[in-house]
Protein chains: 2
Amino acid sequence: MIDNVILGILMEGPQTGYGLKSTIEQSVGFFYTASYGSLYPALKRLAEQGAISLVETDGTKNKKLYTMETAGRKQFLEWLGEPLTRNRNEHLLKFFFYDYLEESLRKERLAAFHGSLREELGRLAVVKQIVDKETEALENPEDYRYRLSVLTYGFRYLEMAERWLGDLREKELKNEYNADQDAAVEENHDE
Amino acid sequence: MIDNVILGILMEGPQTGYGLKSTIEQSVGFFYTASYGSLYPALKRLAEQGAISLVETDGTKNKKLYTMETAGRKQFLEWLGEPLTRNRNEHLLKFFFYDYLEESLRKERLAAFHGSLREELGRLAVVKQIVDKETEALENPEDYRYRLSVLTYGFRYLEMAERWLGDLREKELKNEYNADQDAAVEENHDE
DNA sequence: GCAACCATGTAACGTGTTACATGATTAC
DNA sequence: GTAATCATGTAACACGTTACATGGTTGC
């Protein structure tokens with residue numbers, strides 16, 4: 001996980017270990033955190049693998065700049081292109097870097113993920129209906145309020161995610177349409 | 001983490017290790033999963049601590065029933081009463097068991113969590129405004145669509161959570177009001 | 001009889017955090 | 001000159017997963 005976050009950020013340009021940590025906090029910090037205890041060993045590992053290279057900027061300053069290498073870029077894009085799964089926010093991490101993914105594969109992954117979200121939403125809707133009906137038959141439904149509320153939370157979470165992804169996919173489609181229009185206008189310049 | 005999940009489920013009654021796993025899957029499985037590799041060692045640990053006790057139901061059947069003990073209940077309720085934090089879905093886990101928490105402490109924790117959600121929502125709203133303004137100035141905002149969309153995701157996530165919690169707290173308040181009304185009616189029976 | 005499920009458990013591995021240790025640079 | 005921030009790194013620990021190993025019970 002941390003390897004790919006590091007590589008993703010190095011796509012933008014060289015960074016120090018310290019710089020990486022603050023960049024992570026400011027960008028994907030909402031759903032991913034890294035400590036130095038995992039960061040530095042990861043940098044060491046990635047450098048040994050040849051995914052990144054390090055340059056000691058200054059002999060006295062004890063400051064190392066890590067730079068993306070071709071192997072690292074390949075490794076990162078391979079990870080980025082793998083199917084999206086709703087495990088430990090990895091999908092959100094991938095979304096953050098999705099501008100780097102080739103359009104056709106990106107669309108495929110998003111469509112598949114959208115489908116699985118809708119499926120899960122459907123399954124949960126069924127469960128919720130059953131549970132709600134069972135709850136009506138209880139004498140003291142308030143005694144289970146919180147237990148039940150978590151089901152509602154799950155439902156709303158999936159609803160939110162589904163809508164967000166729907167909006168995002170729509171936005172990209174609209175953009176393509178506009179791009180096509182622009183191209184058409186450009187072609188018929190004298191019209 | 002797993003210790004408290006186990007204890008929380010044992011609040012309902014005795015279970016086998018196998019039973020615990022399927023109960024976990026069916027109840028909090030949406031945001032928490034446990035493997036046997038963590039479950040059985042945890043049960044062993046909890047039994048050694050005296051939080052739970054085990055009964056071999058049958059000499060030949062190799063089946064163990066784990067039962068909650070007083071020490072375990074105390075440990076569980078202590079954990080449950082600790083302040084809510086948005087770390088690795090621990091708050092959702094606590095919510096699921098919140099029917100077991102004493103009402104006044106529960107209200108306090110929910111109010112505090114609601115406040116922190118609103119604060120974070122406010123902070124993110126500011127960040128989003130700044131970023132949106134900066135985005136307008138770009139020549140190719142589409143190149144950063146996904147990067148930016150994750151910010152929207154974070155915002156919508158917090159909005160959803162804030163609303164859900166608001167609804168939940170309101171529901172409990174309404175229930176209290178109704179209970180008061182009922183009590184009043186009962187007192188003035190001849191009216 | 002055999003497939004599906006019930007049931008328990010361990011060893012190796014993966015991945016990350018916390019706490020500690022150290023020192024340079026910058027802004028005031 | 002001193003506090004904040006920049007900067008690197010390790011050791012002990014925490015927590016969990018995957019894969020493996022084993023066997024009983026139930027339903028058809």
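Only this structure's heavy atoms are used, side chains among them; waters, hydrogens and symmetry mates stay out. Just so it is clear: chains get the letters A, B, ... in the order the sequence lines come, proteins before strands, and each one is counted from 1.
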note = Side-chain atoms of A:Tyr40 come closest, of D:dT10, C:dC6, D:dG16, to D:dT10
request  = Specify the separation, in whole Å, of atom CG of A:Asn62 and atom P of D:dG9.
outcome  = 6 Å
inquiry  = Below 4.0 angstrom, which residues in residues 85-93 of chain A have at least one non-hydrogen atom near DNA chain C?
reply    = none
ask   = What nucleotide among C:dT17, D:dT8, C:dT8 has an atom nearest to a side-chain atom of B:Lys64?
value = C:dT8
ask   = Would you say C:dT10 has OP1 or OP2 under 4.0 Å from some side-chain N or O of B:Lys44?
value = yes
request  = Tell me what A:Gly17 touches on the nucleic acid: a base, only sugar-phosphate, or nothing, going by heavy atoms under 4.0 Å.
outcome  = sugar-phosphate
query = Can you check the B:Leu65 CG to C:dC6 P distance for me, whole Å?
reply = 15 Å
ask   = Could you give all pairs that pass the salt bridge (charged side-chain N to carboxylate O under 4.0 Å, His left out) test and reach residues 110-124 of chain A, with sequence neighbours left out?
value = A:Arg86-A:Glu120, A:Arg118-A:Glu162, A:Glu119-A:Arg123
Salt bridge A:Glu142-B:Lys171, side-chain N to carboxylate O under 4.0 Å = no
Please tabulate, for side-chain N and O atoms in residues 28-52 of chain A, each donor-acceptor pair with protein atoms closer than 3.5 Å (sequence neighbours left out).
residue: A:Ser38; atom: OG; partner: A:Ser35; partner atom: O; Å: 3.0
residue: A:Arg45; atom: NH2; partner: A:Asp3; partner atom: OD1; Å: 2.9

query = Is the shortest distance from a Lys or Arg side-chain nitrogen in A:Arg156 or B:Asp167 to a carboxylate oxygen in the other one below 4.0 Å?
reply = yes
task = Using whole Å, report how far CG of B:Leu43 lies from P of C:dG9.
result = 8 Å
note = When rounded to whole Å, the OH to P distance for the pair A:Tyr66 and D:dA7 reads 13 Å
message = Rounded to whole Å, please give me the gap between NZ in A:Lys63 and P in C:dT26.
response = 8 Å
request  = May I ask you to verify if any side-chain N or O of A:Ser38 is less than 4.0 angstrom from the OP1 or OP2 atom of C:dT18?
outcome  = no
inquiry  = Side chain of B:Ser35, heavy atoms from C-beta onward: which of C:dT8, C:dT10, D:dT18 has the nearest atom to it?
reply    = D:dT18
key: Atom-pair distance (CE on B:Met1; C1' on C:dT15), nearest Å   = 18 Å
message = Check for me whether the distance between the ring centres of B:Trp164 and B:Phe95 falls short of 6.0 Å.
response = yes
ask   = So, do B:Arg169 and B:Lys107 sit near enough that their side-chain heavy atoms are less than 4.5 Å apart?
value = no
ask   = Yes or no on salt bridge (charged side-chain N to carboxylate O under 4.0 Å, His left out) for A:Glu56 and A:Lys63, after CA distance, side-chain angles and deciding distance?
value = CA-CA 6 Å; A:Glu56 248 128 308; A:Lys63 184 178 169 178; over 6 Å; no
ask   = Which of the following nucleotides, D:dT10, C:dA7, D:dC6, is nearest to the side chain of A:Pro41?
value = D:dT10
Options C:dG16, D:dT5, C:dC6, nucleotide nearest the side-chain atoms of A:Tyr18 = D:dT5
note = Between CD of B:Glu56 and P of C:dA7 the distance, given in whole Å, is 14 Å
inquiry  = Measure CG/A:Leu46 against C1'/D:dG9 and give the value in whole Å, please.
reply    = 16 Å
